[in-house]
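Below is one structure; the comments refer to it alone.
Naming convention: chains lettered A, B, ... in sequence-line order (proteins, then strands); numbering from 1 in each chain. We use all heavy atoms of the structure for the numbers below, so side chains are in, but hydrogens, waters and symmetry mates are not.
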Amino acid sequence: MKAGPLMKTQHLTMKIESSFGNVFLVGLAVNRIAGYLAENAVVGGKMEMAVVEAVNNAIKHAYRGEPGHEVEILISVQDDSLTLAVSDRGRAMEDAYASRVNRIPMDLDEIEEGGRGLLLIRKIMDSVEYCSEEGRNSLLMKKALKRQP
Amino acid sequence: MKAGPLMKTQHLTMKIESSFGNVFLVGLAVNRIAGYLAENAVVGGKMEMAVVEAVNNAIKHAYRGEPGHEVEILISVQDDSLTLAVSDRGRAMEDAYASRVNRIPMDLDEIEEGGRGLLLIRKIMDSVEYCSEEGRNSLLMKKALKRQP
Amino acid sequence: MKLHHEMESGVLVIRPVEKRLDAAMAPSFEERVKAFIADGHGLIVLDLSPVEFVDTLGLGAILASRKALGRNGEMAVSGSNEIVADLFKLTGLDMVFPLFADKDAAVAALAR
Amino acid sequence: MKLHHEMESGVLVIRPVEKRLDAAMAPSFEERVKAFIADGHGLIVLDLSPVEFVDTLGLGAILASRKALGRNGEMAVSGSNEIVADLFKLTGLDMVFPLFADKDAAVAALAR
Ligand SMILES: Nc1ncnc2c1ncn2[C@@H]1O[C@H](COP(=O)(O)OP(=O)(O)O)[C@@H](O)[C@H]1O
Ligand SMILES: Nc1ncnc2c1ncn2[C@@H]1O[C@H](COP(=O)(O)OP(=O)(O)O)[C@@H](O)[C@H]1O
């Protein structure tokens with residue numbers, strides 16, 4: 001990792017109200033930004049998947065599906081990687097999940113309707129972290145971008 | 001225009017720090033969202049042009065090119081139109097410009113380096129308004145989206 | 001959610017008209033498909049060719065429909081784009097739903 | 001801003017390596033092109049084929065370069081995509097810069 005004045009970072013903050021109908025706007029934005037940076041539409045699609053799952057989870061779990069709350073998404077572009085941070089001020093993730101967001105995938109054998117969001121995020125991203133501080137919970141997702149030379 | 005409970009509106013708020021290096025993130029996001037809604041990549045490209053000019057103007061004129069300030073971009077999606085609002089808390093636009101942002105294009109005969117941003121925005125969008133209230137200045141841009149049936 | 005449907009060789013072909021099968025669309029999608037199953041349809045092809053994006057809640061709705069169909073019914077998916085196919089693969093659901101390139105191949109497989 | 005350049009039939013062909021010629025890129029673009037002009041280049045083709053997006057500040061930098069070239073020089077633009085060509089048209093600058101579909105046609109026109 002390079003650091004210092006030569007390393008530029010660009011930031012975009014996005015906010016939506018906690019309603020599933022708004023999530024596609026975040027997904028499309030992330031899709032285009034990631035696809036542009038990676039020069040690869042499939043990478044764009046995967047980053048869209050990851051951010052949509054994270055925002056859905058914030059709405060569904062942190063805010064129990066209630067509208068009227070705020071979900072914030074921070075996009076940070078470094079020379080060689082993309083970081084997506086999804087934050088809420090609702091109920092924090094249970095430790096059982098929070099402590100293993102960056103570990104080996106769960107068992108795929110059980111076929112259930114739920115329980116796939118975090119798994120998918122972990123498979124798509126290079127690293128995932130969850131932290132709660134002063135009532136603000138954030139899922140941090142990072143992905144290296146291999147640009148064409 | 002339809003109104004009432006049948007008309008859904010979706011919102012996305014974006015924020016960047018006032019540095020030209022961040023503007024492309026807003027441009028790409030608006031490009032994809034507008035292109036998706038209109039099912040037309042050229043419409044996406046034009047909405048990108050309009051929002052980039054508006055954000056550039058906020059950085060260049062309202063903040064005199066100073067970094068460290070905030071530019072906010074609100075995207076509102078109605079059933080049949082897209083509204084882009086670009087806001088700053090810097091120096092307001094002079095009345096000479098503010099009062100005619102929605103009127104006939106300026107003369108194209110003079111070929112100068114500057115003075116094309118507002119003209120371009122007016123040509124691209126269906127309507128443009130500028131307002132200042134309590135230190136917050138906003139350029140409101142609206143465009144009808146003709147979706148394929 | 002708007003769904004187009006038609007019968008082909010005894011198979012019900014369901015095609016979403018929307019570009020996304022996501023959290024916002026999943027409940028009405030599931031309701032509509034379950035209504036077809038309640039009407040007695042047992043062979044269903046879900047043609048996703050107009051769909052650009054599916055999330056895990058959309059996937060959950062597809063899976064719930066599959067379960068409602070039961071062991072005597074059959075469901076296949078066709079026309080998924082690269083990123084939607086990736087979602088099925090990343091979640092292991094390509095093992096549950098055979099993915100066909102196009103609707104006709106899916107109908108042929110179920111109509112046998 | 002990274003620029004690729006080469007001589008063809010006495011014409012200097014300049015091609016940005018970046019995908020955007022915008023407010024962030026305009027100053028260094030203008031500086032680089034003006035340096036070529038100061039070196040004595042009088043016939044310049046600006047090949048925008050790698051460029052996906054130009055804003056009015058990028059356009060201002062192109063125009064400033066054109067002015068630095070003066071009345072005895074010539075500058076043509078090639079490879080602009082649909083949206084970049086739209087920008088030239090919407091701002092009336094397609095009257096100042098002949099737009100050519102590809103670099104070779106632009107070089108041929110200037111080398112005459
Ligand atoms: N943002 C969040 N806030 C609070 N709890 C969460 C959040 N995201 C996930 N969780 C918890 O982790 C569990 C697993 O999440 P996930 O894998 O996305 O599956 P699902 O959402 O289908 O349950 C959820 O059931 C929930 O208890
Ligand atoms: N957001 C803004 N805040 C303050 N003044 C503005 C803003 N946008 C435009 N202006 C004023 O309007 C003028 C015309 O703007 P524009 O057409 O974009 O051309 P240019 O930026 O090249 O001068 C500017 O020179 C400036 O004085």
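Put simply, the side chain of D:Leu63 reaches to within 4.5 Å of the side chain of B:Arg116, judged on heavy atoms. Within the 4.5 Å cutoff, the side chain of B:Val23 has no heavy atoms near those of the D:Asp22 side chain. You'll find the side chain of B:Lys123 stays beyond 4.5 Å of the side chain of D:Thr91, heavy atoms only. Taking the side chain as every heavy atom from C-beta outward, D:Leu87 and B:Leu120 approach each other to under 4.5 Å.
For B:Glu53 (side chain) and D:Asp55 (main-chain N/O), no donor-acceptor pair under 3.5 Å exists by modelled atom type.
Proximity to chain D (any heavy atom under 4.5 Å) is shown, for B:Ile59, by neither the backbone nor the side chain. With a 4.5 angstrom heavy-atom cutoff, B:Val42 touches chain D via backbone and side-chain atoms both.
Within 6.0 Å of CZ on B:Arg91 lie more than 12 heavy atoms contributed by other residues, nucleotides or ligands. Applying the 6.0 Å contact sphere to CD of B:Glu129 captures no more than 12 heavy atoms from other residues, nucleotides or ligands. In the displayed structure, D:Met95 atom CE is contacted under 6.0 Å by at most 12 heavy atoms of other residues, nucleotides or ligands.
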*Would you check, one step at a time, whether the test side chain to side chain contact (heavy atoms under 4.5 Å, CB included) holds for D:Phe53 with B:Asn31?*
CA-CA 11 Å; D:Phe53 184 82; B:Asn31 184 322; over 6 Å; no
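Ion pairing between B:Glu48 and D:Arg20 holds under the 4.0 Å rule for side-chain N and carboxylate O.
For the atom pair CG of B:Asn56 and OG1 of D:Thr56, the computed distance is 6.5 Å after rounding to the nearest 0.5 Å. Rounding to the nearest 0.5 Å places CD of D:Glu18 at 10.5 Å from CZ of B:Phe24.
Taking each heavy atom of B:Lys46 and D:Ile83 in turn, the nearest pair found is N-CD1, 3.4 Å.
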